[in-house]
K.L.:
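Below: one structure in structure tokens.
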Amino acid sequence: MRVLGIDPGLRNMGWGVIEVSGSRLSHIANGICHSVGADLGARLLSLHEQLTDVVHQWQPDAAAVEQTFVNKDGVGTLKLGQARGIAMLVPAQAGLAIGEYAPNAVKKAVVGVGHAEKHQIEHMVKLQLPGVKIAGADSADALAIAICHSHHLQSAGTLAKALAKAGA
């Protein structure tokens, strides 16, 4: 199963694709969509087009997006929310189920601590995906989101099998 992780951002939207085979994870691809355009609409459209290309090229089976946190700047939070809308829309248009995770949940799943720093996340992503060449901090976060989602998918699959066995 291929999992696409997306780290939403208006300027830079990180993405990462991993392959999940049982408990084994492997890196497929990662990168950053950079918005272009003079106004907000054009920037959102450019993110939509780039992320759509990623989905078509790498054909993920599932997707996960980091939830938006509210910061002191209300306007900035709203703009981030609009970029997050693009991050949710593109996989939904492709018919993918989308997981949503709080930043602390992603950090805890990948690093083991909910308040890990960026360099710790990147280090643990490199340990879990040997040989990966990370395009930047945003794509490292996206790979972490994909890893987090893969853990949740594996847990859900294990639970579903146990429930099916118990009901049989």
K.L.:
With a 4.5 Å heavy-atom cut-off, do D141 and K118 have their side chains touching?
P.N.:
yes
K.L.:
Identify whether V113 and L143 are in the same connected component of the hydrophobic contact network (ILVMFWY, side-chain heavy atoms under 4.5 Å).
P.N.:
no
K.L.:
Looking only at heavy atoms, what is the nearest atom pair of H151 and L25, with distance?
P.N.:
CE1-CD1, 4.5 Å
K.L.:
Does any non-hydrogen side-chain atom of V75 lie less than 4.5 Å from one of K79?
P.N.:
yes
K.L.:
Is the side chain of Q154 donor-acceptor paired with the backbone N or O of G22 at a distance under 3.5 Å, no angle test?
P.N.:
yes
K.L.:
Going by heavy atoms in the side chains, are R24 and E19 under 4.5 Å from each other?
P.N.:
no
K.L.:
Which value, rounded to the nearest 0.5 Å, describes the distance between E49 atom CD and C33 atom SG?
P.N.:
11.0 Å
K.L.:
Heavy atoms only: give me the nearest P103-E66 pair and the separation to one decimal.
P.N.:
CA-OE2, 3.5 Å
K.L.:
Would you confirm whether D7, through its side chain, and S139, through its main-chain N or O, come within 3.5 Å as a donor-acceptor pair?
P.N.:
no
K.L.:
Assess whether side chain to side chain contact (heavy atoms under 4.5 Å, CB included) is satisfied between Q67 and R84, documenting all intermediate values.
P.N.:
CA-CA 8 Å; Q67 293 175 341; R84 189 172 179 279; 3.7 Å; yes
K.L.:
With ILVMFWY side chains joined below 4.5 Å, transitively, what does W15's cluster contain besides itself?
P.N.:
L4, I6, L10, M13, V17, I28, L40, L44, L47, L51, V54, V55, W58, V65, I86, M88, V90, I98
K.L.:
List the atom of A142, the atom of G16, and the distance in Å for their closest heavy-atom pair.
P.N.:
CB-N, 3.6 Å
K.L.:
I'd like to check R11 versus R43 (side-chain heavy atoms, cut-off strictly below 4.5 Å). Are they in contact?
P.N.:
yes
K.L.:
Are any side-chain N or O atoms of Q128 and backbone N or O atoms of V110, one a donor and one an acceptor, separated by less than 3.5 Å?
P.N.:
yes
K.L.:
So, for P60 and L96, which heavy atoms are closest and what is the spacing to 0.1 Å?
P.N.:
O-CD2, 3.2 Å
K.L.:
Mind checking whether V111 and I18 sit in one hydrophobic cluster, side chains of I, L, V, M, F, W, Y counted as touching below 4.5 Å?
P.N.:
yes
K.L.:
Indicate the atoms forming the closest heavy-atom contact of A105 with C148, along with that distance.
P.N.:
O-SG, 4.1 Å
K.L.:
Out of curiosity, H27 NE2 to K133 NZ, how far, rounded to the nearest 0.5 Å?
P.N.:
10.0 Å
K.L.:
Group every Ile, Leu, Val, Met, Phe, Trp and Tyr by side-chain heavy-atom contacts under 4.5 Å, then state whether I32 and V125 land in the same group.
P.N.:
no
K.L.:
Sequence neighbours left out, what passes salt bridge (charged side-chain N to carboxylate O under 4.0 Å, His left out) with K126? Give chain and number order.
P.N.:
E122
K.L.:
Show the nearest heavy-atom pair for residues A135 and G31, with the distance to one decimal.
P.N.:
CB-CA, 3.9 Å
K.L.:
With hydrophobic residues grouped by side-chain heavy-atom distances under 4.5 Å, do L153 and L129 end up in a single group?
P.N.:
yes
